[in-house]
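For reference, the structure is listed below as structure tokens.
To find a chain, count down the sequence lines: A is the first, B the second, and so on, and within it residues start at 1. Predicted model, so just to flag it, every value in this text is computed and none were measured.
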There are 2 protein chains.
Amino acid sequence: MTIRDVAAAAGVSVGTASKALNDRGTLRAETRQRVRDAADRLGFEANAVARTLKVGRTYTVGMITTDSIGRFSIPLMLGAEDALGAGQMSVLLCDARDDPIREQYYLRTLLTRRVDGIVVTGRRAQARPPLAPDLPVPVVYAFVSSTDPADCSVVPDEAGGAAKAIEHLQAIGRRRIVHVTGPEHHSSAQVRASAAVPALVRPPLFGEWSEAWGRQAGAMLLNEEFDAVFAGSDQIARGVVDTLRSAGRRVPEDVAVIGFDNWDVMVTASQPPLSSVDMDLDGLGRAAANLLLAAINGEPAPGRHVRPCRLVLRESTAIAGAVRLG
Amino acid sequence: MTIRDVAAAAGVSVGTASKALNDRGTLRAETRQRVRDAADRLGFEANAVARTLKVGRTYTVGMITTDSIGRFSIPLMLGAEDALGAGQMSVLLCDARDDPIREQYYLRTLLTRRVDGIVVTGRRAQARPPLAPDLPVPVVYAFVSSTDPADCSVVPDEAGGAAKAIEHLQAIGRRRIVHVTGPEHHSSAQVRASAAVPALVRPPLFGEWSEAWGRQAGAMLLNEEFDAVFAGSDQIARGVVDTLRSAGRRVPEDVAVIGFDNWDVMVTASQPPLSSVDMDLDGLGRAAANLLLAAINGEPAPGRHVRPCRLVLRESTAIAGAVRLG
DNA sequence: ATGAAAGCGCTAACAG
DNA sequence: CTGTTAGCGCTTTCAT
């Protein structure tokens, strides 16, 4: 079943059939219709492979997730996939699992398949070395960024997000703010903590990205004076909240708590529901996709593109209340 | 940069170059090497599109996730992607978002691109109508299954998993078991509940797939007598545990609790960590991929392939203890 | 308005 | 052992 068969069925040449099917050239309306009818009748589906070979574009992009696909990559991927799909692009999925060998293998596969471009995503916001030097197709890094400043990366403004969280806590009257977050060596923990530090009543507590650590940190803080917690993640926030409430502190009346990530399952299951900083990963993925599409169309936008985070307010910081201490 | 350039650089014909690069035909070792050197020197990457057009296989499969990619599709996808990658297959990602229009659009895209096969995944274990009748390529359904029994589906044995959970609770001496689960109309809730019912001390409590519902159900149960809870999901289990503990019941001493899904972030964050039923979604994805590869190679295995669930035991059912009631 | 023909990059059958 | 050639299915000049 090729365009030959359609042409034969419609009694025209393949060239004419091609024009009819693609709305090109100048054809009599009647002819066009006749070809289309024949195509429908035969259930003809044009072979994209052949077209690709002819026109030189595959309308395909590769998506490499450096670390394994996790909670962060998903919204990124979906946003990107959706935006690319709107541009008629298909997405080849490559899960590199944090393995440089796999990454290079996938890269070669993608180049061999002549993708029009590549988006690289991953969990770690930290800058990473470029995929490879001098790639023949545009690459955009989403969430992860490249150490080469000439590469196109789109990243969340984590420092800005942290600042918004702090400002919000201050706006509801809190003055004694503490910060509990992930591992000190983790770039996101560092960036968020640095942005918060000027407003903190004590040095940040670094630990793990887990609820258990949140609970532990909460316990450690019980004999200190504070009226707000900015947590480096929703999981940590939830752990903190649990401990505080078990110890009789009211949230948000006694202590307001705000998390980071706005991970639905965490923020809604927490009691009370958590205010949080949303990095808009879906939008990030979309933005990355659009930058890639632009680059493919010859309008690259090199450099780091920083996108704002958004505050999502829920009960855990709901009550402005009075300033309770000091 | 085509094979022509390589041939020219090596001083051979394109045919010879092709053979050298693909280890076909009979060539002098020296010639073969000369061609390879030229290819390396020029950084030649064979054009997979052209090869595809010639040999008729794309070594690409489509992966359609019916509902949006979520917690369940991810391990499925990754398992499948990994297994397919081992077979040199690339994966085209299609997120249909529960929209039949999108699904059909993607299906056409995939057919147009001449994928060698399609895997369909999704969150709902419930059977769904086939993608389309008489597809020219093999399709396998993973987790979701097709209503057409002739289609190839691979699904978890949810009833068996529920039975294992119940047996485990009985094995540690529990006799008054209750079941709290998701919406009654949800196929997974039904299947799991049906398997549990003979062993239950009261009718199942149907509600939602949320922690909040688990808490609520826990509260409703407080004035009943029971020594074990089989929850339809880890989230529900966690909610139940929280309520029980707040009310002074010890888990697992007074009430053993087991969940379903073995969702790491839930089972580990719960206090105590939750025993759970694991559907081995990664293995499911792998199995689906292998069935698809087999079908592509002319050895289809039609029908429903049921895979066992696995019990993962943690503290929430850790203590055998004495039978406390009855 | 339509048809004929060249060619995208590669492989494979057939000559030499 | 190596070169020549004929396509894979489609698009696109260029004639007619």
I'd like to compare against my own output: the B/S/- annotation of nucleotides 10-16 of chain D with a strict under-4.0 Å heavy-atom distance to protein.
BBBB---
Please enumerate all residues that pass side chain to side chain donor-acceptor pair (under 3.5 Å) together with A:S90, with sequence neighbours excluded.
B:R113
Between B:T16 and B:S13, is any side-chain donor less than 3.5 angstrom from a side-chain acceptor?
yes
To the nearest angstrom, the CZ-C1' distance between B:R32 and D:dC1 comes to 11 Å
Run the side chain to side chain contact (heavy atoms under 4.5 Å, CB included) test against A:P156 and tell me which residues pass, sequence neighbours left out.
A:F143, A:E158, A:M279, A:L284, A:C309
Results of salt bridge (Lys or Arg N to Asp or Glu O under 4.0 Å) for A:R114 - residues two or more places apart only:
none
Have a look at B:T31 and say if it touches a base, only the backbone sugar-phosphate, or nothing, with a 4.0 Å heavy-atom cut-off.
sugar-phosphate
Describe, as an angle rounded to 10 degrees, how the axis at the first end of the helix from C:dA1-D:dT16 to C:dG16-D:dC1 is tilted relative to the axis at the last end, five pairs per end.
50°
Could you tell me which residues satisfy salt bridge (Lys or Arg N to Asp or Glu O under 4.0 Å) with A:R108, sequence neighbours excluded, listed by chain and number?
B:E45
Does B:T26 put a side-chain nitrogen or oxygen below 4.0 Å from OP1 or OP2 of D:dT2?
no
With A:P130 via side chain to side chain contact (heavy atoms under 4.5 Å, CB included) - residues at least two apart:
A:Y141, A:S146, A:T147, A:D148, A:D151
According to ring-ring contact (aromatic ring centres under 6.0 Å, His included), who are the partners of B:H186, at least two apart in sequence or on a separate chain?
B:W209
Heavy atoms under 4.0 Å, any strand shown: does A:V49 hit a base, just sugar-phosphate, or nothing?
nothing
Looking at residues at least two apart in the chain, or sitting in another chain, which of them share a salt bridge (Lys or Arg N to Asp or Glu O under 4.0 Å) with B:R4?
none
Positional range of nucleotides in DNA chain C within the contact set of chain B, heavy-atom, under 4.0 Å:
C:dG9 to C:dA13
Residue pairs fulfilling side-chain hydrogen bond (donor to acceptor under 3.5 Å, both in side chains) with at least one residue in residues 289-302 of chain B, sequence neighbours excluded
none
Qualifying residues under side chain to side chain contact (heavy atoms under 4.5 Å, CB included), relative to B:A39, sequence neighbours excluded
B:V6, B:L21, B:F44
